[in-house]
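Letters A, B, ... mirror the listed sequences (proteins, then strands); counts begin at 1. As the structure is a computational prediction, the values presented were derived from the model and not from experiment.
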2 protein chains.
Amino acid sequence: MLTINRKTDYAARILLHLAMQPPGTTVTVQEAAQARLVPYPLARRLFSLLANAGFLKTHRGKGGGFSLARSPAEISLLEVVEAVEGPVALNRCTVEPQECPLVSDCPVHEEWVKARDVLRDYLGRVSFQQLAERAIQPRNHPDPRGGAQ
Amino acid sequence: MLTINRKTDYAARILLHLAMQPPGTTVTVQEAAQARLVPYPLARRLFSLLANAGFLKTHRGKGGGFSLARSPAEISLLEVVEAVEGPVALNRCTVEPQECPLVSDCPVHEEWVKARDVLRDYLGRVSFQQLAERAIQPRNHPDPRGGAQ
DNA sequence: TATAATGATACCATTTTGGTATCATTATAC
DNA sequence: GTATAATGATACCAAAATGGTATCATTATA
């Protein structure tokens, strides 16, 4: 299956969680991990990674946590994927052409490159601002007791 | 790194090799494996897989081999990727939404779906006919002895 | 009938993946 | 000022995936 790995998915959940808070809010790993169903020790590592990658500011010590270091409007899904997962390569030859002895004469190579570009372009246009706005809409969980008004 | 695996790359090379032959040509695993730099035992398995998936016809016995079962114009890169690799999912939730408890309320989910569609669409439009035509052009390997005319 | 081909499948080592645990450091709250 | 609640860094682990090999059976031709 051609797919991002679970850690990348978790990281996206975590950043979405941050993006949905009022600007400047500090969130603990505990809280986000529970809210987004990420195993706590893994969430620890992912928060660190996202902080080291410049997405988050850290606040150490009691009462600390993490807050966004950049505006959600300026964080794309692509950046997060590549921070956790490494490059969206589609095929190794797009990243390490020198390792494929056929590459200079391979008509498939350029299609891997173009397909990768199409995918990166799409993911690069999805911002966490958009995602957060969409999530904030009233939920579609019909209340068993009746209407939601 | 988000990438297809090596087997998928090998399978694409193999199909390209077949698509570049005159229609109806039978090719042995030996020959294709050497020409496309695929380890022979692995090529064996990939030919089998491609035959079982309906891309190739097999010719058993001495003098046998494999030939295309379908026109290269009607085989897309997407089909080959999915035959070897499984679905182009981009994220598991696009394939097994029931396994993600957040999915009904997750704004990222629909972006994984759309990005996947964009990628599948692109790969679906690349045919081995096109690839083979491009490959058949005169090579750019300047002959050390001089011009190629 | 020997041989050259595929069919099927078991096997293996290495790497990646998803996850846990631990110790060190920091800053707040009281 | 000290206990505590948070992060920093990193080592560790089991299980799965990956890339690759080997083997025996079958088939059809030369």
Gap between atom [atom2] of [Y] and atom [atom1] of [X] - 0.5 Å precision:
| X | Y | atom1 | atom2 | result |
| --- | --- | --- | --- | --- |
| B:Leu15 | B:Leu18 | CG | CG | 6.0 Å |
| B:Thr8 | B:Glu82 | OG1 | CD | 10.5 Å |
| A:Asp121 | A:Arg125 | CG | CZ | 4.0 Å |

Discussion item. According to side-chain hydrogen bond (donor to acceptor under 3.5 Å, both in side chains), who are the partners of B:Arg92, at least two apart in sequence or on a separate chain?
Written reply: none

Worksheet item: For B:Asp9, which residues count as a side-chain hydrogen bond (donor to acceptor under 3.5 Å, both in side chains) partner, sequence neighbours excluded?
Response: A:Asn91, B:Arg13

For [X] versus [Y], what's the shortest heavy-atom pair and its separation?
| X | Y | result |
| --- | --- | --- |
| A:Ala12 | A:Val80 | N-CG1, 4.3 Å |
| A:Phe128 | A:Ala19 | O-CB, 4.0 Å |
| A:Pro107 | B:Arg134 | O-NH1, 3.7 Å |

Mind checking what makes side chain to side chain contact (heavy atoms under 4.5 Å, CB included) contact with [X], not counting sequence neighbours?
| X | answer |
| --- | --- |
| B:Gln34 | B:Gln30 |
| B:Gln21 | B:His17, B:Thr25, B:Val27 |
| B:Val118 | A:Val118, A:Tyr122 |

Worksheet entry | Any residue of residues 64-72 of chain A with a heavy atom less than 4.0 Å from an atom of DNA chain D | A:Gly65, A:Phe66

Item to complete: Pull out every residue in residues 21-39 of chain A that has a heavy atom closer than 4.0 Å to any atom of DNA chain D, ordered by number, or say none.
Response: A:Thr28, A:Val29

Worksheet item: Do A:Leu16 and A:Tyr40 share a hydrophobic cluster, counting only Ile, Leu, Val, Met, Phe, Trp and Tyr and linking them when any side-chain heavy atoms are less than 4.5 Å apart?
Response: yes

Would you be so kind as to tabulate the donor-acceptor pairs closer than 3.5 Å made by side chains of residues 42-52 of chain B, with sequence neighbours excluded?
{"residue": "B:Asn52", "atom": "ND2", "partner": "B:Ser48", "partner atom": "O", "Å": "3.4"}

Worksheet item: Which residue, A:Gly63 or A:Arg44, contacts DNA chain C at a nucleotide closer to its 5' end, judged by nearest heavy atom?
Response: A:Arg44

Worksheet item: Donor-acceptor pair, B:Glu111 side chain versus A:Leu123 backbone, under 3.5 Å?
Response: no

Worksheet item: Could you give all pairs that pass the side chain to side chain donor-acceptor pair (under 3.5 Å) test and reach residues 61-74 of chain B, with sequence neighbours left out?
Response: B:His59-B:Ser67, B:Arg70-B:Glu79

Discussion item. Nearest heavy atom decides the nucleotide; on that basis, is A:Lys62 or B:Gly61 closer to the 5' end of DNA chain D?
Written reply: A:Lys62

Worksheet entry | Covered region of DNA chain D, 5' end to 3' end, by chain A [heavy atoms, under 4.0 Å] | D:dT4 to D:dA11

Strictly under 3.5 Å: I want the nitrogen or oxygen pairs between protein and nucleotides 16-18 of chain C, one per line.
{"residue": "C:dG18", "atom": "OP1", "partner": "A:Arg6", "partner atom": "N", "Å": "3.1"}
{"residue": "C:dG18", "atom": "N7", "partner": "A:Lys7", "partner atom": "NZ", "Å": "3.4"}

Fill in: Bend angle of the helix from C:dT1-D:dA30 to C:dC30-D:dG1, from helix axes over five pairs at each end, nearest 10°
0°

